[in-house]
Amino acid sequence: MAELNKSFTPEGVEEKWYDYWIANKYFIADPGSETVPFSIVIPPPNVTGTLHMGHALNTTLQDILARWKRMSGFNVLWVPGMDHAGIATQNVVERQIASEGIDRHRLGRDAFVERVWKWKAEYGGKIIHQLKRLGASCDWSRERFTLDEGLSRAVIEVFVSLYEQGMIYRDNRLINWCPRCHTALSDIEVEHEEFDGRLTYIKYPLDGGDGHVVVATTRPETMLGDTAVAVNPEDGRYRTFIGKMVLLPLTGRVIPVVADESVDPKFGTGAVKVTPSHDFNDEAIARRQNPQLDFITVIGPDGRMTEDAGIKYANMDRYECRKAVLQDLKDSGLLVKQEKYRHPIGQCYRCKTVIEPLSTPQWYVKVQPLAEKAVEAVRNGQIKIVPKSWDNTYFAWMENIKDWCISRQIWWGHRIPAWYCKEMRNDICKNKNGIIVYRETPDGCPYCGSGDLVRDDDVLDTWFSSALWPFSTLGWPEKTPELKKYYPTSVLVTGFDIIFFWVARMIMMGIKFMDDVPFRNVYIHALVRDSSGQKMSKSKGNVIDPLVMMRKYGTDAFRFTLAAFAAQGRDIKFSEERVEGYRHFVNKLWNASRFILSNTEGANVPAEIDFEDLDIGSKWILSRLSAVTEELNKTLEEYRFNDAANSIYQFIWHELCDWYIEMVKPILYGESEYREPVRRCLLFVLERTLRLLHPFMPYVTEEIWQSIPGVKDEKPEDLRSIVISGYPKPFGRDRDAEDFMSVIMETVMAVRTIRGELNITPSLEMKVHIKTIDEKVKEVLIGNLTYIKKLARVDVIKIGAGTRKPKGSAIAVRSYVEVYAPLEGLLNIELEIDRLKKEDAKAEKTIALLNKKLLNEDFLKRAPGEIVKKEKEKYDEYMRKRERVRENIKKLYELGGKQ
RNA sequence: GGGCGGAUAGCUCAGCUGGGAGAGCACAGCCCUUACAAGGCUGGGGUCACAGGUUCGAUCCCUGUUCCGCCUACCA
């Protein structure tokens, strides 16, 4: 095969074949086809994104599944797309216009949103090109965007119907507020991290009397908004205080001491300052009191103190204010002490700004009823999570789920389809809360006819539209053929970091609106970390760029590395050396193919192959091929990507290359009757192997496959591709051939060991005598002398039961054979005795172990008969072996070895 | 505070339902044998974290301990 270069160069080849696949529409799904569907929706990457290791792993695994199923004859649809990523994208564009000196508020909402779309058209979706470079076999004709028209329709439909069913409501309560992004966040969008802080003890004097209460707080500045002090009703120390009033320092306000069971007497002083407007726990206390405590908001949406904080503090930044308050408390002698205290602080998951609890009106989804069904779906097996260990995480979260805050005070996103009737304030409108939720923009208030309507400014949480992804991308709410054919999707492949954000919500929404789960299986893959186990992040500077890996080592090697790393239930510590190793593997395959193709000129790859007229080596490799085929289908079915990768690696390198190719060389170069069958077999094995490997290494396999002459050439040109060539199925093992081969291999390795250990140069052809008591083994060896001669570089003088050890021979004892290599003059008797003694010691150790076991009556009585029999056989075998080894040592001594 | 996972060869990790441990890389020795030196052959290396328990038998199951990760949580 003159066309193949000496080594594989991915550049050019990758683009060439990707373009070819696209041009021939191999990835485009046909909902009209009768074949069994297999569908995946991609976890839509953010428009702002560039490909990172997580995407690379995620995409590779999905592509392996998609290609495998496509080759296996399924009707595969892999829907690609992107997420508009509300806050993240808005932040990016805000930064961009800031560099031009523009503020979004000055630009105005419509103009800003326009800018974001413009940005999206220009920079967004860079990641799509990168996914293509990875070889992703998505149906790009069905690419979707969470903010495109069809998806917006789905979002509105879901929102309005949930509202109509009372499952979406608006409420005013404390929410997580990001003062930088200027929006509400849901609970899971807050990341908790521990920091070294301080616990500040403050004295609150009793009003109209002696004495005081000391409270402890991590946020002294919020005291300006305190409306009570709470103690545990059972706490004897404070019992007399309950119901009394204390003087709130620095403000002159008088606030009550109240009782609440949530207060832990053991923490701090046992007395808590209560700031209902700025702390979730305090809000709960306030609402439990009768009458309810006052809410005084002292920190505003921008993180600055409000006027209610007092003239002195108003407009200060919250941290600046903390310093001021501490100083003032110190000055007034009310600051008792401060102690070091490590505690978690909530931060915005987009910008890491410290979250501020803030009381604002927001929209919520009542999730409990949805969650119950979603839990049930996993519990009863309608959805299978792999690995199973994630079930518990899922259940734990779902069972304690709180209502989902879905409104965001940003501009980039699905605007909430709600309007407020202004007239309602004048009691003209009969609509009790003035809220109008509509699928289309209403002309006027349907209740009072007023034309004075104002649309809600908020947009929906990005994850609201993502939650609909499995059916919105298939055309819902229309009844499309795609929806009918491909929903529920077959599998969702994703990282565990978005189980709550995304997976759980898709399940809830899918069941609610499609009356069926969104996917049958969920495969949760690991997080890719750096080689020392650290999370990759820009700030740590330990990010490995997938694009760099692909450029440096080729996409095939990179993909294979990811698959080989993807063991279930463990994070991936990525190391570049592994990629390098798999590049060697690509090269190995390449060269083996070169060898096969150049030695099979004139032959065509057969569609099927008959074991009968083949030599043992060929029967063996075919049997092994069938075994690995079975293994691959099985491991892929179980999402054991690493096992799949290792199996095919092992087969190609160590069975096909190290043994089979080496052993058939004499046949190929000589005039054996097996020459033609072997040539066919080589092509057959190569072609099937490439197909087995294709899902992992799409490019190099296609490149080689296209050079193999045979069946494909009869097909029309646009159907000639490994992509649609069919995934191999097991075709049967030949146990005899495998057994016989193991005898041959054992013999060859015995000679090689002698060579290696005694440092006999490979260029010297050794003469060996082989002793075996088994007639069948003898027959096999005699029938396959060519192999043994070639692989061990020996001339076999004698084989059989009566073979005796010639004088001055090196000896290797194996299960079925004993190999004697006469080495007159060459043999170092001492070295050889040492070697045999080592073997003797090994056997001795095993025998002792087995002996102990077999003398144990309990073992004989209770262990299964099959095991006992196996152990006995093993014992006998080792006894025989030891016997032979010892005999040989004795002979060597007789020959002159020193005792 | 609760929950989950990990601890196996120098390094990175496999080891599915318990019968006595594997790979890749690294290391050592020998080979440029006409597919591949990005290669071939051979070899060394592990009381499977620690302590108990269940069992005829435990790397595997149970309990506890230590050390690492991660998730989750309104102890101010």
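The figures that follow rest on heavy atoms only: side chains count, while hydrogens, waters and symmetry mates do not. Just so it is clear: chains get the letters A, B, ... in the order the sequence lines come, proteins before strands, and each one is counted from 1.
For A:Lys588 against B:C36, a side-chain N or O and a base N or O form a donor-acceptor pair under 3.5 Å.
Between B:C50 and B:A9, the two P atoms lie 11 Å apart (nearest whole Å). Of the P atoms belonging to B:A51 and B:C13, the separation is 25 Å, rounded to the nearest Å. For B:A37 and B:G18, the P atoms lie 46 Å apart once the distance is rounded to whole Å. B:G22 and B:U59: their C1' atoms are spaced 12 Å apart (whole Å). Taking the C1' atoms as reference points, B:U55 lies 15 Å from B:G20, given to the whole Å. Nucleotides B:U54 and B:C60 place their P atoms 15 Å apart, quoted to the nearest Å. When the C1' atom is compared between B:A35 and B:G39, the two are found 10 Å apart, to the nearest whole Å. For the C1' atoms, the distance from B:C70 to B:U17 is 28 Å, rounded to whole Å.
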Return a single string for nucleotides 71-76 of chain B, one symbol per nucleotide in 5' to 3' order, where B is base contact, S is sugar-phosphate-only contact and - is none, cutoff 4.0 angstrom on heavy atoms. SSSBBB

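Within the 4.0 angstrom heavy-atom criterion, only backbone atoms of the sugar-phosphate kind lie near A:His654; the bases stay farther away. At the heavy-atom level, A:Phe585 lies nowhere under 4.0 Å from the strands shown. A:Trp653 comes within 4.0 angstrom of sugar-phosphate atoms only, judged by non-hydrogen atoms across all strands, and of no base.
Figure legend. B:A21 is base-paired to no nucleotide; pairs are counted as Watson-Crick or G-U wobble with both atom distances under 3.5 Å. Pairing of B:C27, defined by two Watson-Crick or G-U wobble distances under 3.5 Å, is identified with B:G43. When both distances must be under 3.5 Å, the Watson-Crick or G-U wobble mate of B:A9 does not exist. Pairing partner, B:A73: none, since no Watson-Crick or wobble contact has both distances short of 3.5 Å. The base-pairing partner of B:G52, taking Watson-Crick or G-U wobble contacts with both distances under 3.5 Å, is B:C62.
A:Trp705 pairs by the ring pair (Phe, Tyr, Trp, His ring centres under 6.0 Å) definition with nothing, not counting sequence neighbours. Not counting sequence neighbours, the partners of A:Lys552 by the salt bridge (Lys or Arg N to Asp or Glu O under 4.0 Å) test are A:Glu576. Every residue two or more places apart in sequence or in another chain that forms a salt bridge (Lys or Arg N to Asp or Glu O under 4.0 Å) with A:Arg288 is listed here: A:Asp260.
Comparing A:Ser389 and A:Lys790 against RNA chain B, the residue whose closest nucleotide sits nearer the 5' end is A:Ser389. Mapping A:Cys657 and A:Gln650 onto RNA chain B via the closest heavy atom, the residue that lands nearer the 5' end is A:Gln650.
Between A:Glu283 and A:Arg287 there is a salt bridge, since a side-chain N of the basic residue sits under 4.0 Å from a carboxylate O of the acidic one.
We find that CE of A:Met663 is positioned 17 Å from C1' of B:A35, with the value rounded to whole Å. A:Arg755 has its CZ atom 18 Å from the P atom of B:G40, to the nearest Å. Distance A:Asn851 CG to B:C56 C1': 15 Å, rounded to the nearest Å. Between A:Asn599 atom CG and B:A35 atom C1' the separation is 8 Å, expressed in whole Å. One can place CZ of A:Phe574 at 14 Å from C1' of B:G24, the figure rounded to the nearest angstrom. To the nearest angstrom, P of B:G57 lies 7 Å from CG of A:Asn856. In this structure, A:Ile760 atom CD1 and B:G40 atom P are separated by 22 Å, rounded to whole Å. Spacing between atom NZ of A:Lys861 and atom C1' of B:C56 amounts to 9 Å, rounded to whole angstrom units.
Ring centroids of A:Phe501 and A:Tyr349 are separated by less than 6.0 Å, placing the two rings close together. For an aromatic pair to be called close, the ring centres must be under 6.0 Å apart, and A:Tyr341 with A:Phe267 satisfies this.
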Under 3.5 Å, which protein N or O atoms sit close to an N or O of nucleotides 17-20 of chain B? Give each pair with its distance.
none

What pairs of nitrogen or oxygen atoms, one from the protein and one from nucleotides 14-16 of chain B, lie under 3.5 Å apart?
| residue | atom | partner | partner atom | Å |
| --- | --- | --- | --- | --- |
| B:A14 | OP1 | A:Arg570 | NE | 2.9 |
| B:A14 | OP2 | A:Arg570 | NE | 2.9 |
| B:A14 | OP2 | A:Arg570 | NH1 | 3.3 |
| B:A14 | OP2 | A:Arg570 | NH2 | 2.9 |

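Of the candidates B:C41, B:G39, B:C36, B:C36 carries the atom nearest the A:Asn591 side chain, counting heavy atoms from C-beta on. Considering only the side chain of A:Tyr669, B:A35 comes nearest among B:A35, B:G43, B:U33.
Taking a 6.0 Å sphere around CD of A:Glu194, one finds it holds more than 12 heavy atoms contributed by other residues, nucleotides or ligands.
When each of A:Tyr553, A:Phe558, A:Tyr649 is checked for a ring pair (Phe, Tyr, Trp, His ring centres under 6.0 Å) with A:Tyr582, only A:Tyr649 meets the rule. A:Phe585 pairs with exactly one of A:Phe696, A:Phe560, A:Trp590, A:Phe651 by the ring pair (Phe, Tyr, Trp, His ring centres under 6.0 Å) rule, that one being A:Phe560.
Between the side chains of A:Thr635 and A:Glu638, not a single donor N or O lies within less than 3.5 Å of an accepting N or O. No side-chain donor-acceptor contact under 3.5 Å links A:Thr846 and A:Lys874.
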Test side-chain hydrogen bond (donor to acceptor under 3.5 Å, both in side chains) on A:Asn176 and A:Asp187; report intermediate values, then the result. CA-CA 7 Å; A:Asn176 303 292; A:Asp187 294 334; 3.1 Å; yes

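Phosphate proximity of B:G43 to A:Thr753: present, with a side-chain N or O under 4.0 Å from OP1 or OP2.
Judged by the 6.0 Å and 45° rule, A:Arg578 forms a cation-pi pair with A:Phe565.
With rounding to the nearest 0.5 angstrom, the CG atom of A:Leu690 is 4.5 Å from the CG atom of A:Leu686.
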